[in-house]
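The structure appears below as structure tokens.
Read the numbers this way: they start at 1 and go in the same order the structure lists the ligands and their atoms.
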Amino acid sequence: MNAERKVHIKSFGCQMNVYDSHRMADTLAPEGFTETAHVEDADLIVLNTCHIREKAEEKVFSELGRMRVLKEAAARAGRRVTIAVAGCVAQAQGDEIVRRAPSVDLVVGPQSYHRLPALLARAKRDGPIIDTEFPIEDKFDKLNPPSREAIRARGVSAFVTVQEGCDKFCTFCVVPYTRGAEASRPVVKIVAEAERFAWAGVREITLIGQNVNAYHGQGPDGRPWPLARLLARIAQVRGIARLRYTTSHPCDMQASLIAAHRDLPGLMPYLHLPVQSGSDRTLARMNRRHTRADFLDMIARLRAARPDMAFSSDFIVGFPGESEHDFEATLSLIDEVGCAGAFSFKYSARPGTPAAEMPDQIHEHVKSERLHRLQAAIDRNTAAFNARCLGRTFEVLFEKPGRYPGQIVGRSPYLQPVQVMASQSWIGKVAGVTITEAGSNSLFGMLASEEQAVGD
Ligand code: 5AD
Ligand code: SF4
């Protein structure tokens, strides 16, 4: 056993990074590292970075400036602090990071996290190390599983990565370059991880991947299984009450997956389905491979399979060549779908992607103005959706103590936080809650019946 050291891991960007950060912590635990939420106490600082938009990337370098000050102060006090940069900026920029931020000791790409202990030892001995390879071996086989205590501390809802990478090559997106080609994990490994989570008290699993519904991992029968079959298998894991998956591409919504929404009661009726734009002209230039009508047809088929289905999406404003007319098509799509929620972004030109080279880049002030209007449309739809929840009774999975004493908070099937006055003993349980009030970010409700807790 090594001497005890502290690691502070800071995640930027998507849920995949949150999952990866947990797995890095699990892999460092046997090396004597315990996690700390306080960066000043850390012997090792890991920044798990995001490269999706320029702003995300800039955040990393300003954060590294702060870390350098901490590192120098610790050195003056005779303490060595190691700084590691992981994630997609690490993958995309490699040694450029050390050139711009010489206090960095290690740059490690997302496919090499299982090598962290060895890389840290080498960095200590030989100075800055860069590892951004795509190794042949499966990192998931080598990453340490989390302890029961670590799982518990992370809550009753957990992410499990089932695939990584993307082969879609949307013209604005860096993911196919930073996370590489689509690769799916085998079913047995995912099921084993779900069982381990359930054993530690997890009640909800979200299967994650950059293009999760392109999943085609090897099943126990040696054949590729689609996501629908994987979901049905995980639904059988004892203790798992709820399932979700994210993020999906509309073109990979196969009939079997739509049917899963009809057939699996534990599969939540809420789908994040990024569409990016409501204009066919823009969708084609984005290389999204579907039209507005295809998307609306998909939504209709999902609603036919599960009438209480609701949707969230991602939208980009100011894609090169986007006219006012194109933008208005995006606004009208939000209303036509009645999105329960959505993320919206100003287009950010990423070096090396085709859209960065397109003519007719949109001025910043036009992007800002469109983003403002888009967000207003989203907020209006979210408020209308929340208002429609009033008086309905939802199954809520209680997650933690609420905002005020005596309150606990859980999530509705639609991921809305629901605050309820109830005993903490409900945490980790699913119970019916009647919604009595809808705020802008949370719902408030009452337990429908004290006897209703399911899955004790
Ligand atoms: N500029 C703006 N938004 C982007 N996204 C991906 N790449 C870019 C970019 N270059 C958005 C998309 C995607 C989400 C994760 O980030 O909407 O769905
Ligand atoms: Fe990026 Fe998603 Fe398009 Fe893949 S499908 S290139 S991850 S936006």
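- The side-chain heavy atoms of Phe327 and His325, taken from C-beta on, include no pair separated by under 4.5 Å.
- Every salt bridge (Lys or Arg N to Asp or Glu O under 4.0 Å) that Asp252 has, sequence neighbours left out, goes to Lys168.
- Val108 places a side-chain heavy atom less than 4.5 Å from the side chain of Leu119.
- The closest approach between Arg288 and ligand 2 falls below 4.0 Å for a heavy atom of the residue.
- Distance check: Leu64 CG to Lys59 NZ gives 13.5 Å after rounding to the nearest 0.5 Å.
- At a 4.0 Å heavy-atom cut-off, the residues surrounding ligand 1 are Ile52, Arg53, Phe172, Gln276, Asp314, Ile316, Phe345, Lys346, Tyr347, Ser348, Arg350, listed by chain and number.
- For the residue pair Gln93 and Glu57, a side-chain donor N or O sits within less than 3.5 Å of a side-chain acceptor on the partner.
- Between Phe311 and Phe385, the distance separating the two ring centers is not shorter than 6.0 angstrom.
- Summarising the geometry, atom OG1 belonging to Thr161 is positioned 11.0 Å from atom NE2 belonging to His22; distances are rounded to the nearest 0.5 Å.
- Looking at Asn386 and Gln416, their side chains do bring a donor and an acceptor atom within 3.5 Å of each other.
- Residues passing the ring pair (Phe, Tyr, Trp, His ring centres under 6.0 Å) test with Tyr245 are His261, sequence neighbours excluded.
- Close approach of ligand 2 to His249 is summarised as follows: ligand atoms under 4.0 Å from at least one heavy atom of the residue are 5 (S).
- Any protein N/O/S atom under 2.8 Å from atom 1 (Fe) of ligand 2 was counted, giving 1 altogether.
- Using a cut-off of 4.0 Å between Lys/Arg side-chain N and Asp/Glu carboxylate O, Arg411 and Glu204 are scored as not salt-bridged.
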